[in-house]
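Note that the coordinates shown come from a computational prediction; the quantities given were computed from them, not determined experimentally. Atoms within a ligand are numbered from 1 in the order they appear, just like the ligands themselves. In what follows, residues are counted from 1 in the order of the sequence shown.
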Amino acid sequence: MLIRTRQNNPIRPSEITPEPIYKDRRRFLAGGAALALGLNLAPALAAVTSKNDLPKPFADVATGPYATDEELTDYKSVTTYNNFYEFSTDKQTPAKLAKDFAARPWTISVEGECNNPKKWDIDELIKAFPPEERIYRHRCVEAWSMVVPWIGFELGKLIKHSEPTGNAKFVEFETLYDPERMPGQKAGFFGQVLDWPYREGLRMDEAMHPLTIMTVGLYGEYIPNQNGAPIRLIVPWKYGFKGIKSIVTIRFTEEQPRNTWNVQGPSEYGFYANVNPQVDHPRWSQAKERRIGELLKRPTLMFNGYAEEVADLYTSMDLSKHY
Ligand SMILES: Nc1nc2c(c(=O)[nH]1)N[C@H]1C(S)=C(S)[C@@H](COP(=O)(O)O)O[C@H]1N2
Ligand SMILES: [Mo]
């Protein structure tokens, strides 16, 4: 995410250096099978080895619906090229500064316009709503994209369990506010860059859509801190900034929630933030994107390629106004 008010030249997407890439062929292609087929998978095997040290609580989860079969972005890029302003405004530093962040114990409060509010312990929540693997395209408004094997459960299931009242029209989310643990929230660390805590929101039908998941893992392991441990939102047809990280509050509301980037720059970041190649960001085009690890840009797809599933939600709206 780029800050509009910054004095120095804003970084253009065209200047973002491509990460060194270790193309991870689908990890499901087991080494043995690859050998039998005579494939040379040296880079893939190297990537797999580096992940073997990590606990894999979700190694055997079921595969959910809607998964893309596009090539996965390698684990290293997914976990070292991050936007997480609570730790840093650059993309390499969150992985370093979030290394010792304690994502447990962790409580998520479900509250607001509902009959069954509850303070969930994160592990109790994971037990109640068993996660599955969802391989989704992940598209930042800065015109880079990835394909990530997220592990999560449908937000809709948690919403149903919480019994929203008839007044609940939106769902609001908040990130932890704790400057001691999230140094980017300290005033003066690099200035008060955002209005903390980071906030996001969805309309109720968007929140109930089966593509929308609460994400607790990736690549079979617990979600790394820099990707939003212990729980973050993923809404694959929207720009990445809707995917709020390290959530502590989920609140049902009657009014449309204020969302952090819209407050920061209303002409640049809307509430809906649907991926749309026809509506440019005021300072750059959204027509193309660079898949991390690839040299040439590719055309961006309407709703990030999920139009068939979600276009119905927006038929009565002018998407150039509701960007
Ligand atoms: N709390 C919080 N959530 C956040 C952000 C952030 O700075 N703080 N950045 C957003 C942006 S702009 C993007 S593109 C995605 C990046 O997710 P990733 O690092 O897992 O790829 O997280 C989103 N969620
Ligand atoms: Mo982003």
What atoms of ligand 1 come within less than 4.0 Å of a heavy atom belonging to [X]?
| X | result |
| --- | --- |
| Thr175 | 1 (N) |
| Ile244 | 3 (N), 24 (N) |
| Cys140 | 14 (S) |
| Asn227 | 18 (P), 20 (O) |

All pairs passing side chain to side chain donor-acceptor pair (under 3.5 Å) where residues 102-111 contributes a residue, at least two apart =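 Non-adjacent pairs meeting side chain to side chain donor-acceptor pair (under 3.5 Å): Arg104-Asp123, Ser109-Glu111, Glu111-Arg251.
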
task = Could you name each residue pair satisfying side chain to side chain donor-acceptor pair (under 3.5 Å) that touches residues 205-218, not counting sequence neighbours?
result =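 Residue pairs with at least one partner in residues 205-218: Arg203-Asp205, Glu206-Lys238, Glu206-Tyr314.
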
Is there any N or O on [X] that sits under 3.5 Å from an N or O of ligand 1?
| X | answer |
| --- | --- |
| Lys245 | yes |
| Tyr81 | no |
| Val78 | no |
| His138 | yes |
| Trp144 | no |

query = Can you say whether the rings of Phe87 and Phe84 are parallel (under 30°), tilted (30 to 60°) or perpendicular (over 60°)?
reply =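 Perpendicular: the ring planes of Phe87 and Phe84 meet at over 60°.
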
Does ligand 1 have a heavy atom under 4.0 Å from the side chain of [X], from its backbone, from both, or from neither?
| X | answer |
| --- | --- |
| Tyr198 | side chain |
| Lys242 | neither |
| Arg232 | side chain |

key: Quiz item: cation-pi between Arg137 and Tyr306, 6.0 Å / 45°   =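 Yes.
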
Ring centre gap for [X] and [Y] strictly below 6.0 Å:
| X | Y | result |
| --- | --- | --- |
| Trp150 | Phe58 | no |
| Trp237 | Phe303 | no |
| Trp144 | Tyr81 | yes |
| Trp120 | Phe129 | yes |

ask   = Cluster question for you: counting only ILVMFWY and a side-chain heavy-atom cut-off of under 4.5 Å, with indirect links fine, are Tyr323 and Leu301 together?
value = no

ask   = Below 4.0 Å from any atom of ligand 1, is there a heavy atom belonging to Gly243?
value =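 Contact present.
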
Selection from Thr89, Thr80, Asn83 by shortest heavy-atom distance to atom 5 (C) of ligand 1 = Asn83

